[in-house]
Every structure is written in C-alpha cells, then in structure tokens.
Amino acid sequence: MASWSPLVIVRGEGNYLFDEQGRRYLDGVSSLWCNVHGHAHPRLDRALRDQLERIAHSTYLGLSHEPGIRLAAALIDVAPRGLTRVFFSDSGSTAVEIALKQSFQYWQLRGKPTKRKFLRLGDAYHGDTLGAVGVGGIELFHRVFGPLLVDSIAVPSPALDHEGAKRTLATALETRSDEIAAFVLEPLVQGAAGMLVHPPGFLKFARDQCSRYGVHLIVDEVATGFGRTGTMFACEHEGVSPDFLCLAKGISGGYLPLAATLATEEIYSAFLGDRGDLKQFFHGHTYTANPLACAVGLESLTLLREHTLANAKSLIEPVREALARVAQLPSVKGVRQCGVMAGIELRSERAFAGVEVCERIRSEGVILRPLGNVVVWMPPLSLRAEDLLLLEQATTAAL
Ligand SMILES: Cc1ncc(COP(=O)(O)O)c(C=O)c1O
C-alpha cells in the first residue's frame, strides 16, 4: 500500500494537479467534489486578488459587506422559485445543520413545538456534524454517536425500493406529521451512498407529500448543485422548489470554504420580531460569508452561466458512452450516472477493492477516490474530451 500514501500536491492548473516530483494527475474527484472550472482559473484568481486588495475578512454578524450581498442576490436569482433568503456558513455540514435548526425553531415560533423529528433516506449522507449525522443513514455513525443524535425516521432509499420509499414516506407524513419538522434528502442521486440514482419522480412526489401534510422539504444540493447534474440545481429536473436548499462545495468554484442555506420568505418571516422577543436564529460562525470566498463564488457563478454549465451538459452523453464501455469489463458489476457524477461498482466485495483499483488508477495519472467498492468519477465540469479519454483509459487499465 506504499503508493497509497498521500501525494504532496504543490500546484494545480486547469483539470490537473501536480505533485512535488512534477508528476501530473487528472483531478478526477474535483478535489472532493468541489472544483467546477479547473484549478488556477485566471478569472477566479483575479476575483480573489481584487477582493484581497479591499479586505480579506470582516464579520457578517451584525455587519455586512458587498461580496456577501452581491452573492446572496446572485444565488436567489439562479435558485428555484420562492427561495428568497440566504444564510451563509462554511461547509456542507453547516449548511444542513442550519436548515435543520431553522426548521425546528420555525415550528416552535409558529406554535407547533411537537414537530421536532426529521425524515431521512436510508444510506443518506449529509455531513459529519451531529445534526447532519442524525439525518444521515450511515449505520456505523449511528452506532458510535447514537445517543448524541437528533431523532430521525428512515425512509428506504428510492434507488433501492421506489415503491417502498413512496409508501413509507406517505404513511409517516399521514400519521405523524404533528411530530415531523422536515424531510431532508439529496435530490436525484445519493452521492456518498455510492452514487445511488433515484428513479424520476421521487423528488416531485416528496415535494407534493410534504406540502400536503405541512412538513418542510430540505433539499441538500451540496454535491449536486452548481451544474453537476447538467442543470444549475438538480431540483430543476423535476420543477421542485424546496423550503430549504443547502449549498456548499461548488459554491466557491472549489476555491474556499463557503456554504449557503436558502429559505423561503415564509420561513424568514417567522423569525421577525423585536429584539426582546428572542425570535432570532441563534447561529453564526466566525468566517460566515468570508468576503474572499463570496467574491470568488460570484465570479464562479458568472463563469457557470457563461460557459461551464453548457460544458457540463455537453459532457453527459460522452460520459455515458465511456461508462457503457467500462461496464463491459469483467470486474465491473454495474455503472450508475447522474449528469457528470458517476459510480462504477466493482464485482469484488473484498474490503479495500475500491482503494486498490484507485491506487492503480493513480499510477496511470488520474486521482480518484472510491466509496467502498464503488469507483467514483466526479471530474471538474471544465473537463475536455482528451481528459475524459484519459479518465476512461486509466480506469480501464486499472480494472
Ligand atoms: C450531499 C452532501 N451533503 C453534505 C456534505 C458535507 O459537506 P462538507 O464536507 O463540506 O461538510 C457532503 C459531503 O460530501 C455531501 O455530499
């Protein structure tokens, strides 16, 4: 396993990383699913430098600043209809944590304090902080941290049992909506669960059911947001507007830690009152809405709209064709794809089979990171035809 020791990366350029020996690797995991336009992008670098000349950081607690205000407006502009308020933080976990806390507090403020449980999917992953782990479906995490976690009710993943998922969700909402604050899910595809792709229609079904029974819908687009599925947000595929939208990873183009939790006007209005009413949302991180991160996020959004989103769309079919060829290999059990997110499930269920394959892929000049026995393709959305060819060839050679 010597070659699996961490590489020391010294530089990035476009879709490639360079180690201290000067070796070049395709960044096939987008530096943990966050890089959008490639590394050292001149426009993003310039936006960062320009902001640096003004100010690197000033608090967003009780004060505001131009990059934060401008990015919030730009996010509202591209987000699904009805999401008009933005709460910044700094990771995917905090984006989810904030949605959970706001939903919980909303119901208290609206005189329904019994609504304190959350519905979540089997195998769900929403981050590593306690609230996010509580609405996750990773059995190991629940075993270790169980007593510390928020109360959640599991719905089977629709990727594994669509009818069962719809039935369980509908029954829970019909019989227990007075106990349930929100249903939280990743739309279309559960990334960290191993790229489990949902059948079309589940997201819309969830929206309709939550609206019918007065339960919030929290959509976690930390992985799927900012072009990953071929649209700016995965919600667009089914015309769904959630009550909360959680964003992180690609929000800053993959440059700096930044996250946002978007909410509706109805949710925002519940928190309004005089200072002494203590209705405000009690949550704020030191680096919330860091101005450098917001400035680069704003430019990243501009680049997405100018051309990177179109490039992502144009990649979907070539990725599908490449995966179809990889699926023919005898060591491959199956392939799954949602936009420019893909999983290659190995036939081998041996522990570390995925790690060993990724180790060999690395020696072919591509960085990938497996999820169990699933090899994940999650390249920057700026991927070019020759990069995809390298990704396919390295994967095929390793398999
Ligand atoms: C869907 C989803 N939500 C939340 C998170 C947590 O994000 P972070 O690692 O930035 O806390 C992740 C991370 O992979 C994710 O994929």
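Hydrogens, waters and symmetry mates play no part in the numbers below; they use all other heavy atoms, side chains included. Atoms within each ligand, like the ligands themselves, are counted from 1 in listed order.
The shortest contact between atom 10 (O) of ligand 1 and any protein heavy atom is with Gly92 N, 2.8 Å. Closest to atom 5 (C) of ligand 1, if we only count protein heavy atoms, is Val222 CG1, 3.8 Å. Atom 11 (O) of ligand 1 has as its closest protein heavy atom Ser93 OG, 2.6 Å. Tyr125 CE2, 3.6 Å is the protein heavy atom nearest to atom 12 (C) of ligand 1.
Within ligand 1, the atoms closer than 4.0 Å to a non-hydrogen atom of Ser91 are 10 (O), 11 (O), numbered from 1 in the order shown. For ligand 1, the atoms lying closer than 4.0 Å to a non-hydrogen atom of Ala223 are 16 (O). For ligand 1, the atoms sitting less than 4.0 Å from at least one non-hydrogen atom of Gly127 are 4 (C), 6 (C), numbered in the order shown with element in parentheses.
The side-chain contact (heavy atoms from CB on, under 4.5 Å) search around Glu386 returns Arg384, not counting sequence neighbours. Partners of Ser177 by side chain to side chain donor-acceptor pair (under 3.5 Å), not counting sequence neighbours: none found.
At least one protein heavy atom sits closer than 4.0 Å to atom 8 (P) of ligand 1.
Side-chain contact annotation: Ser157 with Gln190, donor-acceptor N/O pair under 3.5 Å present. Ser30 and Arg228 share a side-chain donor-acceptor pair at under 3.5 Å. With hydrogens and angles left out, the side-chain atoms of Asn15 and Ser382 include a donor and acceptor closer than 3.5 Å. Arg347 and Ser331 are not linked by any side-chain donor-acceptor pair at a separation below 3.5 angstrom, with hydrogens and angles left out of the test.
Only the side chain of Glu186 comes within contact range of ligand 1, with a heavy atom under 4.0 Å; no backbone atom does.
Separation of the His39 and His37 ring centroids does not fall under the 6.0 Å cut-off.
The CD atom of Glu221 lies 11.0 Å from the CE atom of Met232; values are rounded to the nearest 0.5 Å.
Taking 4.0 Å as the cut-off, Asp220 counts as a neighbour of ligand 1 on heavy-atom distance. Residue contacts with ligand 1 include Lys249, since one of its heavy atoms falls under 4.0 Å from the ligand.
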